[in-house]
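A note on names: the letters A, B, ... follow the listed sequences, proteins ahead of strands, and every chain is numbered from 1. On a predicted model such as this, the values are computed, not experimentally measured, just so you know.
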Amino acid sequence: MHKPQIKKPGKNLTKSFFNRSVLEVAPDLIGATLLVDGVGGRIVEVEAYHHTEPAAHSYNGPTPRNAVMFGPAGYAYIYRSYGIHWCLNFVCEPAGSAAAVLIRALEPTEGLPLMRRRRGLPDPRLLCSGPGRLCEALRVTAVHNGLALDAPPFALFAKPEPVEIAVGVRIGLTKAVDKPWRYGEKGSRFLSKPFPET
DNA sequence: TGCCCGATTAACT
DNA sequence: GTTAATCGGGCAA
């Protein structure tokens, strides 16, 4: 009689969600839920990249590594960072824009024991607070490069309610350092770095 | 072919 | 605050 209710964090995100300006999609992702094989949490920090600015991997045109960025919206672009870490991006805008959103931090909600084991650290704040960290916690690697975001192993749900957004400059760059294309949930304790107070 | 450096992290002092 | 770890992309030669 009582129907077991799967509590969805929000409505499923489709490819059309990503087929917009990367500067609209990026803040819209704050508060959305990202799961990989059922493990993940709420997105609390992202950065936008676009081929027209020199900080983007796509700035110098297509290569084997960044090919996915030049494809259609709604797919995962994954690259190796500093020879050590993996970083996860969502491709946005019509094919050829080579625009993407880097997922920088999650608030862990699903599969915490598994994430703790993968990370080897008990502190929930250190599970997904950084692009390399969250890829390790969700076990995202090159095998996910080019996969659609609206099909397993990915699951994405829109934010169920509005979120207060903080804006700042992107982290770890030497080029185009002044663009305010970093977005986060204001006051979140799961950011890779705090946003400077206004 | 060789060289430099990066959308990072953790373990140091 | 500093630095080692570690490797593929991109460019010069």
Please list, one pair per line, the donor and acceptor atoms closer than 3.5 Å that link side chains of residues 95-108 of chain A to other protein atoms, with sequence neighbours excluded.
unit_1: A:S97; atom_1: OG; unit_2: A:E93; atom_2: OE1; d: 3.1
unit_1: A:S97; atom_1: OG; unit_2: A:P94; atom_2: O; d: 3.4
unit_1: A:R104; atom_1: NE; unit_2: A:E45; atom_2: OE2; d: 2.8
unit_1: A:R104; atom_1: NH2; unit_2: A:S192; atom_2: OG; d: 3.1
unit_1: A:E107; atom_1: OE1; unit_2: A:R42; atom_2: NH1; d: 2.9

A:E136: which of A:R117, A:R118, A:R116, A:R119 passes salt bridge (Lys or Arg N to Asp or Glu O under 4.0 Å): A:R119

5'-to-3' dot-bracket of DNA chain B (Watson-Crick, G-U; under 3.5 angstrom; crossing pairs as [ ]; | other strand): ||||||.|||||.

Distance in Å, A:L126 CG paired with A:F190 CZ, rounded so as to fall on 0.5 Å steps: 10.0 Å

Side chain to side chain, A:L127 and A:R133, heavy atoms closer than 4.5 Å: no

Criterion side chain to side chain contact (heavy atoms under 4.5 Å, CB included) on A:L149 and A:L13, from CA distance to verdict: CA-CA 8 Å; A:L149 297 170; A:L13 295 185; over 6 Å; no

A:I84 CD1 - B:dT9 P separation (whole Å): 10 Å

Listing, residues 166-174 of chain A side-chain donor-acceptor contacts under 3.5 Å, not counting sequence neighbours, or none:
unit_1: A:R170; atom_1: NH1; unit_2: A:A48; atom_2: O; d: 2.8
unit_1: A:R170; atom_1: NH1; unit_2: A:E53; atom_2: OE2; d: 3.1
unit_1: A:R170; atom_1: NH2; unit_2: A:E53; atom_2: OE1; d: 2.9
unit_1: A:R170; atom_1: NH2; unit_2: A:A176; atom_2: O; d: 3.4

Close side-chain approach of A:H50 and A:Y59, heavy atoms under 4.5 Å: no

Modelled atom types, side-chain donor and acceptor of A:H57 and A:Y77, under 3.5 Å: yes

Nucleic acid contacts - residues 21-34 of chain A versus DNA chain C, non-hydrogen atoms under 4.0 Å: none

Check: A:P72 and A:K15 side chains under 4.5 Å, non-hydrogen atoms: no

Report all side-chain donor-acceptor pairs from residues 24-39 of chain A shorter than 3.5 Å, counting only partners two or more places apart or in another chain.
unit_1: A:D28; atom_1: OD2; unit_2: A:R20; atom_2: NH1; d: 3.3
unit_1: A:D28; atom_1: OD2; unit_2: A:R20; atom_2: NH2; d: 3.1

Spacing of the C1' atoms in B:dA7 and C:dG1 (rounded, Å): 23 Å

Straight-line distance of A:D123 CG to A:S129 OG, nearest 0.5 Å: 8.5 Å

DNA chain B contacts among residues 176-184 of chain A, heavy-atom distance under 4.0 Å: none

For DNA chain C, the residues among residues 97-117 of chain A that have a non-hydrogen atom under 4.0 Å from it: none

Each nucleotide N or O in nucleotides 3-6 of chain B that has a protein N or O under 3.5 Å away: list the pair and distance.
none

Within-4.5 Å side-chain heavy-atom neighbours: A:L156 and A:F18: yes

Whole-Å distance separating the CG atom of A:N60 from the P atom of B:dA7: 12 Å

Distances for protein N or O near nucleotides 10-13 of chain B N or O, under 3.5 Å:
unit_1: B:dA10; atom_1: OP1; unit_2: A:R119; atom_2: NH1; d: 3.1
unit_1: B:dA10; atom_1: OP1; unit_2: A:R119; atom_2: NH2; d: 2.8
unit_1: B:dA10; atom_1: OP2; unit_2: A:R133; atom_2: NE; d: 2.7
unit_1: B:dA10; atom_1: OP2; unit_2: A:R133; atom_2: NH2; d: 2.4

Criterion side chain to side chain contact (heavy atoms under 4.5 Å, CB included) on A:L191 and A:V44, from CA distance to verdict: CA-CA 7 Å; A:L191 302 171; A:V44 297; 4.2 Å; yes

4.5 Å side-chain heavy-atom contact, A:R189 and A:R125: yes

Results of ring-ring contact (aromatic ring centres under 6.0 Å, His included) for A:Y75 - residues two or more places apart only: none

Outermost nucleotides of DNA chain C that come under 4.0 Å of a non-hydrogen atom of chain A: C:dA5 to C:dG10

Interatomic distance, A:H50 NE2 vs B:dA7 P [rounded to whole Å]: 18 Å

Partners meeting ring-ring contact (aromatic ring centres under 6.0 Å, His included) with A:F70 (sequence neighbours left out): none

Nearest non-hydrogen partners of A:S16 and A:T14, listed with the distance: OG-OG1, 2.9 Å

Inter-nucleotide P distance (B:dC12, C:dT6), Å rounded: 15 Å

Heavy-atom closest pair, residues A:V68 and A:A76: CG1-O, 3.4 Å

From NE2 (A:H85) to OG1 (A:T141), nearest 0.5 Å: 15.0 Å

Between C:dG8 and B:dA10 - C1' atom distance, rounded Å: 22 Å

A:H144 ring center within less than 6.0 Å of A:F154 ring center: yes

Exam field: side chain A:N66 to backbone A:T63, donor-acceptor pair closer than 3.5 Å: yes

